[in-house]
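No experiment lies behind these values; they were computed from the predicted model shown.
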Amino acid sequence: MTYPIMLDLTNKQVVVIGGGKVAERKIRGLIEAKANVVVVAPEITALIQQLVDEGALVWRKKCFSREDIKEAFLIIAATNERGVNESVAQAARPHQLINIVDNPTQSNFYVPSTVRRGKLTIAVSTGGASPILAAKIRREIAEKYDENYENYIDFLYECRQYILRNVSDSKKKQQLLQVITDESFRKTENWEEEFQKLFKRIMSE
């Protein structure tokens, strides 16, 4: 049984061993998470090279050695050579987070299928039982929670901050927070206008 968490990688050093398509997919998410990404590989894909040129990551053009992960907070071994991946696993220290893409048993974490809508993140995992099923469920969730949710989540964040600053009554506070998350409210045409009406009504009760 794994323990699900949301990990803040801002300015944390993350080392990715490998420069192929698998590494490329991992790197995209790491850069979005604002990690300090270091790629160790003799060769890299065109997209990774573009990221290097843009200054989005550091590329060490070499084969893996133990020193490459000495300062890493998180490590991903994503080469197509099992022997190299195993060497990475053996070199990692007990306190470091490590994912071996072709061998979950040597990993202490793995990345679930995710749907991102701005501040909203929904993760799906089958514990390795069926990545295909996890991807299928992810697609179904992505259809239900479409791109419009990104603006809605931003709106909810601003409303929550406003409510916390301006409402001291705990019952009214909870009532406001509850109503703005109802589906009927989300489907209104003007969230700001409806919220102001709602706020005035509840605060006058």
Is there a side-chain contact (heavy atoms from CB on, under 4.5 Å) between Ile122 and Thr114? Walk through the geometry before answering. CA-CA 6 Å; Ile122 305 173; Thr114 58; over 6 Å; no

Value for CD (Gln196) from SG (Cys159), rounded to nearest 0.5 Å, stands at 8.0 Å

Salt bridge check, Glu140 against Lys144: does any charged N sit closer than 4.0 Å to a carboxylate O?
no

Other residues, nucleotides and ligands only: do more than 12 of their heavy atoms fall within 6.0 Å of CZ on Arg60?
yes

Open item on the list: I'd like to know if Tyr162 and Ile202 are part of one continuous hydrophobic network [Ile/Leu/Val/Met/Phe/Trp/Tyr, side-chain heavy atoms within less than 4.5 Å].
Closed with: yes

Exercise. Do the side chains of Leu176 and Leu198 get nearer than 4.5 Å, heavy atoms only?
Worked result: yes

Worksheet item: So does Glu183 have more than 12 non-hydrogen atoms from other groups sitting under 6.0 Å from CD?
Response: yes

(message) Looking only at the side chains, is there a donor atom on one of Glu54 and Gln50 sitting less than 3.5 Å from an acceptor on the other?
(response) yes

Check your understanding: How about Asn85 and Ile17: do any of their side-chain heavy atoms sit closer than 4.5 Å?
Key -> no

Heavy-atom closest pair (Leu47 atom, Arg28 atom, distance to 0.1 Å) is CD2-NH2, 3.2 Å

When rounded to the nearest 0.5 Å, the distance separating CZ of Phe155 from CZ of Arg186 is 12.5 Å

Taking every heavy atom of Ala91 against every heavy atom of Phe64, the minimum-distance pair comes out as CB-CZ, 4.0 Å

Worksheet item: Are Ile180 and Tyr145 co-members of a hydrophobic cluster defined by side-chain heavy atoms under 4.5 Å apart?
Response: yes

Nearest heavy-atom contact between Gly19 and Ala41 is N-CB, 3.5 Å

Quiz item: Between Asp182 and Ser184, do the side chains contain an N or O donor and an N or O acceptor separated by less than 3.5 Å?
Solution: no

Shortest non-hydrogen pair, Ala78 vs Val22, comes out as CB-CG1, 4.0 Å

>> Is there a path of hydrophobic side-chain contacts, each under 4.5 Å between heavy atoms, that joins Val88 and Ile76?
In response: no

One should read off an interatomic distance between Leu120 CG and Glu150 CD, to the nearest 0.5 angstrom, of 9.5 Å

So do the side chains of Leu51 and Val37 get within less than 4.5 Å of each other, counting heavy atoms only?
no

Margin query: Looking at Tyr152, is its backbone amide N or carbonyl O close enough to the side chain of Trp191 to form a donor-acceptor pair, meaning the two atoms are under 3.5 Å apart?
Written below: no

Practice item. Go through the steps to decide whether Lys62 and Ser65 satisfy the test side chain to side chain donor-acceptor pair (under 3.5 Å), and finish with yes or no. Key: CA-CA 9 Å; Lys62 61 187 289 292; Ser65 61; 3.0 Å; yes

Taking side chain as C-beta onward, heavy atoms only, is Val52 less than 4.5 Å from Leu57? yes

Item to check | Heavy-atom side-chain proximity of Glu86 to Glu81 below 4.5 angstrom | outcome: no

Under 3.5 Å, side chain of Lys172 to main-chain N/O of Glu205, donor-acceptor pair present? yes

- Query: Under 4.5 Å between any side-chain heavy atoms of Asn166 and Met203, yes or no?
  - Reply: no

d(Phe109 CZ, Thr2 OG1) to nearest 0.5 Å is 12.5 Å

Rounding to 0.5 Å, atoms NZ (Lys119) and CG (Leu156) come to a distance of 10.5 Å

All heavy atoms of Val124 vs all of Pro112, minimum pair found to be O-CB, 3.3 Å

Note to self: Could you check whether any side-chain N or O of Ser107 sits under 3.5 Å from a backbone N or O of Tyr110, counting only pairs where one atom can act as donor and the other as acceptor?
What the structure shows: no

Item to complete: Assess whether atom CD of Glu43 is packed by more than 12 heavy atoms of other residues, nucleotides or ligands within 6.0 Å.
Response: no

Result for side-chain contact (heavy atoms from CB on, under 4.5 Å) between Ile75 and one of Ile98, Val38, Leu97, Asp68 points to Ile98

Residues Val16 and Ala23: closest non-hydrogen pair is CG1-CB, 3.8 Å

Please tell me whether Val40 and Phe73 are part of a single hydrophobic cluster in this structure, the criterion being side-chain heavy atoms less than 4.5 Å apart. no

### Task
Spell out, as yes or no, whether a donor-acceptor pair under 3.5 Å connects the side chain of Arg116 to the backbone of Thr121.
no

Q) Are the ring centres of Phe185 and Phe195 closer than 6.0 Å? A) no

Backbone N/O of Glu193 and side chain of Asn190: donor-acceptor pair under 3.5 Å: yes

inquiry  = Go through it in stages, so that I can follow the logic: the residues are Val39 and Val58, the test is side-chain contact (heavy atoms from CB on, under 4.5 Å), and I'd like the CA-CA distance, side-chain angles, deciding distance and then a yes or no.
reply    = CA-CA 6 Å; Val39 174; Val58 173; over 6 Å; no

Have Thr45 and Glu24 got a donor and an acceptor in their side chains that come within less than 3.5 Å? yes

- Donor-acceptor pair, side chain of Gln96 and main chain of Glu71, under 3.5 angstrom: no

List the steps and the verdict of side-chain contact (heavy atoms from CB on, under 4.5 Å) for Asn36 and Lys12.
CA-CA 6 Å; Asn36 293 334; Lys12 297 288 195 304; over 6 Å; no

Discussion item. Taking CZ in Arg66 as the centre, count heavy atoms belonging to other residues, nucleotides or ligands within less than 6.0 Å. Is the count above 12?
Written reply: no

Subject >> Any side-chain heavy-atom pair of Ile153 and Arg117 under 4.5 Å >> reply: no

Yes or no on side-chain contact (heavy atoms from CB on, under 4.5 Å) for Lys70 and Arg93, after CA distance, side-chain angles and deciding distance? CA-CA 8 Å; Lys70 186 177 180 181; Arg93 299 177 180 181; 3.8 Å; yes

Exercise. Going only through I, L, V, M, F, W and Y residues with side-chain contacts under 4.5 Å, is there a path from Ile5 to Val14?
Worked result: yes

So CD1 of Ile137 and CD1 of Ile132: to nearest 0.5 Å the spacing works out to 12.5 Å

Lys34 versus Asn11: any side-chain heavy-atom pair under 4.5 Å?
no

